[in-house]
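These notes are about the structure you will find just below.
Positions are given from 1, in the same order as the sequence printed here. What you see below is based on every heavy atom in this structure, not just the backbone, and it leaves out hydrogens, waters and symmetry mates.
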Amino acid sequence: ELSGRVRVWTMDQDLDKSKPAQDTDPQKMEQVVSEHEFHVPSSSGTTLTICPPQLFGHGNVMVAVGCVEDGSIQLVSTGIVTPQCTKDPDPPGQILQSWGGGAVPARMAW
């Protein structure tokens, strides 16, 4: 059974510069929590790539997710906007487009 769960994390651009090397003591480690989590039906979890925000004019960051049941690729909103975006983001997990079908996607690149 495929979970279809997608999690998205974000971090400050200067995070690497502002923090010292990670301490391996479990008491001192930070808990990392995903910013968004959503479900994409029939996704395999092995083929996912971030889609350039300007590619489709939606203005928010999207992911292309490979699905095994029908072999399609789903273009899904992450709910995260870029600084240049002039509109509200689409809700996380909203399928914006679907392509193809018939063959299981094994690899994707932009």
Side-chain angles (χ1 to χ4, degrees):
E1 184 176 315
L2 302 170
S3 73
R5 184 173 299 138
V6 177
R7 292 185 181 118
V8 180
W9 291 269
T10 61
M11 61 185 259
D12 188 293
Q13 291 181 2
D14 295 323
L15 185 64
D16 291 337
K17 298 174 190 169
S18 64
K19 286 196 166 203
Q22 280 251 328
D23 194 332
T24 56
D25 179 357
Q27 299 295 331
K28 296 178 183 176
M29 294 177 80
E30 286 185 43
Q31 179 67 33
V32 178
V33 179
S34 60
E35 183 164 332
H36 295 291
E37 181 175 331
F38 50 88
H39 178 260
V40 178
S42 79
S43 69
S44 64
T46 58
T47 52
L48 181 139
T49 187
I50 294 176
C51 177
Q54 71 277 16
L55 195 59
F56 294 98
H58 285 276
N60 53 355
V61 179
M62 299 167 285
V63 289
V65 181
C67 296
V68 231
E69 269 184 26
D70 61 359
S72 67
I73 296 174
Q74 306 288 329
L75 185 64
V76 183
S77 170
T78 63
I80 299 171
V81 295
T82 61
Q84 297 82 12
C85 185
T86 58
K87 67 178 193 87
D88 291 334
D90 294 307
Q94 179 176 337
I95 297 173
L96 303 171
Q97 291 185 18
S98 180
W99 306 316
V104 176
R107 186 176 123 167
M108 293 182 281
W110 296 112

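- Here CH2 of W99 is found 10.0 Å from CD of Q74. Values are rounded to the nearest 0.5 Å.
- Contacts of E35 classified as salt bridge (charged side-chain N to carboxylate O under 4.0 Å, His left out), with partners at least two apart in sequence or in another chain: none.
- What you find for H36 and G79 is that their closest heavy atoms are NE2-O, 3.6 Å.
- Scanning both residues, R7 and E37, for their nearest heavy atoms gives NE-OE1, 3.1 Å.
- The minimum heavy-atom distance linking S72 with S98 is given by the pair CB-OG, 3.8 Å.
- Taking both residues in full, the closest heavy atoms of Q94 and P91 are given as OE1-CD, 2.8 Å, listed atom of the first, atom of the second, then distance.
- At a threshold of 4.5 Å between non-hydrogen side-chain atoms, the residues P92 and V8 do not count as touching.
- By the 4.5 Å heavy-atom criterion applied to side chains, L96 and D90 are counted as neighbours.
- Remark: side-chain polar atoms of T78 are paired, donor with acceptor, to backbone N or O of V61 under 3.5 angstrom.
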